[in-house]
Novice: 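Quick one: structure below, then a few questions.
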Amino acid sequence: MSAARVSPEPAAIGSPTLHVGVFDSGVGGLSVLRALRRHLPGARLSYLADSAHAPYGERDAAFVAERSRAMTSVLVERGAQLVVVACNTATALAIDGLREAHPSLPFVGVEPGIKPALAATRVGRVGVMATSATLSSERFRRLLQAQAALHPSVDVALQPCPGLARALEQGPAGMAQVAELAQRYARPLREARVDVVVLGCTHYPFAAAEIAAALGPDVTLLDTAVAVAQQAARLAANLEPLAITDASTTLGTTGDPQALADIARAWLDFPFDVPPLRIDT
Ligand code: DGL
């Protein structure tokens, strides 16, 4: 009797796709990844959380620039053709240096949605919640100045939120502290009677319910995840697809992969892989 031959599984066949890299100081950029997955349904997405070094928002510019370079190098080594800096703080402090270091690699950054907020306010008062590093950056100062010049009658209240990104890094376990910090940072904005609040850190959409509850029902929250994903899709349309065929989503971290997987399971509604090895850089 001859032995049965078992044919190997045929290789997965699909159309060539693009490879988009995404990084944040930690899990906050998952709010941008959600929008990217919807706007680039056929792309391979590689996400890096620098959770061992989060939060960036309470560090100096040299540290954030150095970590952003390290994250970008890992994404480039993995074959990313476009990099989304899914972090307002890294965009404010590091994206110019990244563009200089990688002149042929397209980058998309994230900035607080000042422009839509100033256009949306009905009472002429807007709040911005972001990290201390973003709010005190030169890039943010220029953005605010340019937009304020177009809407001279609108007042803008800036609210740094130290500790909020760090609490969100704990995932569901940190939500009691998130609610407490949301109350603390919403109070000055309530007193300023703003009707629009910009979530100027990619972590904060995961605290949107707590922030909305603390601000009250008449305040609209804005973040820029969809606009960023649309911009990435526009740039991706000019790239040459690679000879890879999967539209997978892979998440890596310099912190604990199991913790990242647990948080991503709670926050993402599409399939993803989290390889068990932490990224050592
Ligand atoms: N998620 C980041 C941002 O958008 C930074 C939070 C942090 O690491 O402090 O600014």
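Start at 1 and go down the list; that is how both ligands and their atoms are numbered. No hydrogens, no waters, no symmetry mates; every other heavy atom, side chains included, goes into these values.
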Novice: T202 to ligand 1: N or O pair under 3.5 Å?
Specialist: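 Yes; the residue has a nitrogen or oxygen that sits under 3.5 Å from a nitrogen or oxygen of the ligand.
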
Novice: List every atom of ligand 1 that sits less than 4.0 Å from any heavy atom of T89, numbering the atoms from 1 in the order shown and giving each element.
Specialist: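 Within the 4.0 Å cut-off of T89, ligand 1 contributes 3 (C), 5 (C), 10 (O).
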
Novice: Using a strict cut-off of 4.0 Å, indicate which atoms of ligand 1 neighbour a heavy atom of D24.
Specialist: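 Those of ligand 1 that fall under 4.0 Å from D24 are 1 (N), 2 (C).
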
Novice: If hydrogens are left out, which of R67, E169, H203 has an atom nearest to atom 1 (N) of ligand 1, that is, the closest non-hydrogen atom?
Specialist: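 The option holding the nearest heavy atom is H203.
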
Novice: Geometry only, no angles: is S25 polar-contacting ligand 1 at N/O separations under 3.5 Å?
Specialist: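 Yes, since at least one N or O of S25 sits under 3.5 Å from an N or O of ligand 1.
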
Novice: Decide yes or no on side chain to side chain contact (heavy atoms under 4.5 Å, CB included) for L222 and L199, but give the supporting numbers first.
Specialist: CA-CA 6 Å; L222 288 183; L199 301 181; over 6 Å; no

Novice: Just need the protein heavy atom nearest to atom 2 (C) of ligand 1, so name the residue and atom and give the distance.
Specialist: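 Heavy-atom neighbour on the protein nearest atom 2 (C) of ligand 1: C87 SG, 3.2 Å.
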
Novice: Give a yes or no on whether a salt bridge exists between D195 and R125, defined as a side-chain N under 4.0 angstrom from a carboxylate O.
Specialist: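 So D195 does not pair with R125 through a salt bridge.
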
Novice: Hey, is D96 close enough to R139 for a salt bridge, meaning N to O under 4.0 Å?
Specialist: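 Here D96 pairs with R139 in a salt bridge, since their nearest N and O are under 4.0 Å apart.
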
Novice: Find all atoms of ligand 1 within a distance of less than 4.0 Å from any non-hydrogen atom belonging to Y56, and give their numbers and elements.
Specialist: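 Result: 7 (C), 8 (O), 9 (O).
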
Novice: Salt bridge or not for E138 and R142, using N-O below 4.0 Å?
Specialist: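 Between R142 and E138 there is a salt bridge, with a charged N closer than 4.0 Å to a carboxylate O.
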
Novice: Using side chain to side chain contact (heavy atoms under 4.5 Å, CB included), reason through T131 and Y204 one step at a time and then give a plain yes or no.
Specialist: CA-CA 10 Å; T131 66; Y204 303 169; 4.1 Å; yes

Novice: Ring of F63, cation from R59 - is the NZ or CZ under 6.0 Å from the centre and inside 45° of the axis?
Specialist: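 Yes; both conditions hold, so R59 lies above the ring face of F63.
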
Novice: Okay, side chain of Q159, backbone of A130: is any donor-acceptor separation there less than 3.5 Å?
Specialist: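 The answer is no, because no donor-acceptor pair under 3.5 Å joins these two groups.
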
Novice: Distance only, no hydrogens: is a donor on one side chain within 3.5 Å (strictly under) of an acceptor on the other, for H19 and S46?
Specialist: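 Looking only at side-chain atoms, S46 and H19 do form a donor-acceptor pair, the distance falling under 3.5 Å.
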
Novice: Using a 4.0 Å cutoff against the non-hydrogen atoms of C201, which atoms of ligand 1 qualify?
Specialist: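 Result: 1 (N), 2 (C), 3 (C), 4 (O), 5 (C), 6 (C), 10 (O).
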
Novice: Using a strict cut-off of 4.0 Å, indicate which atoms of ligand 1 neighbour a heavy atom of A165.
Specialist: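 By the 4.0 Å cutoff, the relevant atoms are 6 (C), 7 (C), 9 (O).
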
Novice: For ligand 1 and G57, I'd like to know whether there is a polar contact (N/O to N/O, distance under 3.5 Å).
Specialist: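 Yes, G57 has an N/O under 3.5 Å of an N/O on ligand 1.
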
Novice: Which ligand 1 atoms are under 4.0 Å away from a heavy-atom of T131?
Specialist: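 Taking each heavy atom of T131 in turn, ligand 1 has 6 (C), 9 (O), 10 (O) under 4.0 Å.
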
